[in-house]
Amino acid sequence: MELHFAGENAMMLYLGETTSPEIAARVQSAGLAVEACLGDDLLDLVPSYASLLIIYNPMTTDHLSVAHRIRQSLDQIDGTMADDGNEVVLPVYYHPEAGEDLEALADRASMSVDEVISLHSGGEYRVYAIGFAPGFAYLGQVDEQIAAPRLATPRQKVPRGAVAIADRQTAVYPAESPGGWNLIGRCPVRMFDPQATPTMPVSVGDRVRFEPIDRSRFLALGGEL
Amino acid sequence: MSLKVIQPGILSLLQDSGRMGQHRIGLTNGGPLDPEAFNYCNRLLQNAPGSTAVEISFGGLLLEATVDTFICLTGAVMPLRINNKVQPQWEVLPVSAGDRISVDFAEQGCRAYLGVADGFDIAPSFGSTATVVREKIGGLAGDKLHVNDELSCARVASRKRLYLREDHRPRYQNEVTVRVIPGYQQKHFSRYQQRRFFSHAYTVSDRCDRMGYRLEGPAIECDIEGILSEGICFGAIQVPADGQPIVLLNDRQTIGGYPKIGSALSLDCAHLAQLRPGGKVHFAPISPHGAHNALHLADSFVRRRPLMERTN
């Protein structure tokens, strides 16, 4: 564990150096501990793969007090594991008409489209971080055989609901946006809905599985092609 | 009862003090790029701190009042006229239904704040009215102001005519020194590269916006190209592969994977954001202790600064 001053109102806590479910669990439990120990002095938290950015109110406290309290509270939680997160199942229509890069990705991996689908939908993914855009959840880790680098030229428009792979990460685009990930399917569930409670079906630490569905089921669930 | 938009100008955005506590779902802060000028606007109008005002970038805004109230324009020097008559900035001014309020193009600085008595009455989203266009959140339908938008506000019959003395107003120049807390990723920048960063002037590039200010100058080399994506705090200075630093501001993405050489002091970011492309930036190191003291001294300084009252 390493704690650094990141700015006039921020501290960066590292809980590891790589991506793993164990480190993600430590990030999650550290987040709960920091929330509890800083109380109203805490303004925001940004959990990511192996780190936690802690933003506090420098007008009500100071960096020395924050660092001291964080260290003390982490000593107490050391060794305890956070809960395993909720399990969330997201339906996906995997098909070249819904995922423009599905066939290219299969070719690249020297396997059939069905094998790609079965590898992607066979895994359980942890929500490592949320960022980039509202509701964009970084899920990991994708089976090494279907990991694929980002496109050399990002697309101007990736549709809402696009299910995509970049390296060993996968995600569902919460809104239409530019993007350079490899598109393999489409999910009819909205990943970010400002009107809904909760606004997102997942939070950091949850476990996500993808369930293949066919075209008619996708459309029935409100998906758009 | 509102101020109605006749011409929106280049980029006019409804802003309160910003959205906090929503990074977890990927929402950034938004809020005024120059909180100093924004806070003075509300303080002069005797509004609750953080009341919603319009951030006018570069100018060109024309409004028509449909209500009797009071307004105040702070920040960048943008000639203000009510019914074509020139009016002072940094001062509470009465307007009546039918009056036309025009804010011309900036002569010094580039962000001004137009506030109204009691603030604009805008429904908050995720706890704030701050507009973040990239996220389509806040303000009116998550967008900048457009022709015919109605900025709802209350009828206010009386308000003290407060103003800020001219010699107390911030001066917006074309050159800014930004104090920087050297970052925890310093180990990836050699001592030579750090010295380079702190001893050369940088120029504000054309690519400067509410997400961040890209600067141009001597390239800073970093011994890594990227880091595992992590949270980004306000003011973080990213150095991408081309070595040209970017100071990340209110509408930044909440996580990212570029290495950071340090983090700029918010007090100085307010002045940085008043620079236009071509403006000059110098960086000076400051310790975390120094930064903390600077924040508290600035706060106490503003609190003690007297507001004058016009009595004619």
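Labels below follow one simple rule: chain letters A, B, ... track the order of the sequence lines, proteins then strands, and each chain is numbered from 1. Heavy-atom basis, side chains included; hydrogens, waters and symmetry copies ignored.
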Task: Minimum heavy-atom distance between A/S48 and B/G231, given as atom pair plus value - done: CB-N, 4.4 Å
Task: Criterion side chain to side chain contact (heavy atoms under 4.5 Å, CB included) against B/R24, the qualifying member of A/V204, A/L45, A/I130, A/V46 - done: A/L45
Task: More than 12 heavy atoms from other groups under 6.0 Å of CD on A/E124 - done: yes
Open item on the list: Under a plain distance cut-off of 3.5 Å, with no hydrogens placed, do A/Y14 and B/E230 share a side-chain donor-acceptor pair?
Closed with: yes
TODO: Can you tell which part of B/H296 gets under 4.5 Å to a heavy atom of chain A, answering side chain, backbone, both or neither?
DONE: both
Task: Verdict with reasoning, A/H4 to B/Q185, per side chain to side chain contact (heavy atoms under 4.5 Å, CB included) - done: CA-CA 10 Å; A/H4 300 277; B/Q185 280 152 8; over 6 Å; no
TODO: Give a yes or no on this: more than 12 heavy atoms of other residues, nucleotides or ligands lie within 6.0 Å of atom CD of A/E17.
DONE: no
Task: Which portion of A/T18 sits near chain B, non-hydrogen atoms under 4.5 angstrom - done: backbone
TODO: Could you tell me which non-hydrogen atom of A/F132 sits nearest to which non-hydrogen atom of B/I255, and how far apart they are?
DONE: N-CG1, 4.0 Å
Task: Closest-packed option against chain A by number of heavy-atom pairs under 4.5 Å, given B/I181, B/D299, B/L295, B/I227 - done: B/L295
- [ ] Look at atom CD of A/E35 and say whether more than 12 heavy atoms of other residues, nucleotides or ligands are closer to it than 6.0 Å.
- [x] yes
Task: A/P134 side chain reached by B/I25 side chain, heavy atoms, under 4.5 Å - done: no
Open item on the list: Please classify the contact between B/F234 and chain A as side chain, backbone, both or neither, with a heavy-atom cut-off of under 4.5 Å.
Closed with: neither
Open item on the list: Please classify the contact of B/S229 with chain A as side chain, backbone, both or neither, using a heavy-atom distance under 4.5 Å.
Closed with: both
Task: Atom pair CG/NE2 of A/D62 and B/H289 - distance to nearest 0.5 Å - done: 8.5 Å
TODO: Report, as yes or no, whether the 6.0 Å neighbourhood of atom CD on A/E87 holds more than 12 heavy atoms from other residues, nucleotides or ligands.
DONE: yes
Open item on the list: Tell me whether B/H168 at atom NE2 has more than 12 heavy atoms from other residues, nucleotides or ligands lying less than 6.0 Å away.
Closed with: yes
Task: Option that, when pairs with chain A are counted at under 4.5 Å, heavy atom only, ranks first among B/E135, B/R134, B/K136, B/K260 - done: B/E135
Task: Nearest-0.5 Å distance, CZ of residue A/F5 to OG of residue B/S287 - done: 9.5 Å
Open item on the list: If I measure from the heavy atoms of chain B, does A/F192 come under 4.5 Å with its side chain, its backbone, both, or neither?
Closed with: side chain
Task: Heavy-atom closest pair, residues B/S263 and A/G7 - done: OG-CA, 3.6 Å
Open item on the list: Keeping A/D44 on the side-chain end and B/Q22 on the backbone end, is there a donor-acceptor pair under 3.5 Å?
Closed with: yes
Open item on the list: With chain B as the partner, which of A/G135, A/A6, A/S51 has the greatest number of non-hydrogen pairs under 4.5 Å?
Closed with: A/A6
Task: Proximity breakdown for A/L64 and chain B, heavy-atom pairs closer than 4.5 Å - done: side chain
- [ ] Determine the sole option in A/M12, A/E2, A/M11 for which the side chain to side chain contact (heavy atoms under 4.5 Å, CB included) test with B/Y184 is passed.
- [x] A/M12
Task: B/S266 and A/E8: side chain donor to acceptor below 3.5 Å - done: yes
- [ ] Tell me, out of B/P288, B/G290, B/A291, who's got the most heavy-atom pairs with chain A below 4.5 Å.
- [x] B/P288
Open item on the list: Looking at B/R305, I'd like to know if its CZ atom is crowded, meaning that more than 12 non-hydrogen atoms belonging to other residues, nucleotides or ligands lie closer than 6.0 Å.
Closed with: yes
Open item on the list: Surrounding CG of B/D223 (heavy atoms of other residues, nucleotides or ligands, distance under 6.0 Å), is the total greater than 12?
Closed with: yes
TODO: Pick one of side chain, backbone, both or neither for A/A10, based on which atoms fall under 4.5 Å of a heavy atom in chain B.
DONE: side chain
Open item on the list: At a 4.5 Å cut-off on heavy atoms, which part of B/I232 comes close to chain A: side chain, backbone, both, or neither?
Closed with: backbone
TODO: Select one option (side chain, backbone, both, neither) describing which atoms of B/L228 are under 4.5 Å from chain A's heavy atoms.
DONE: side chain
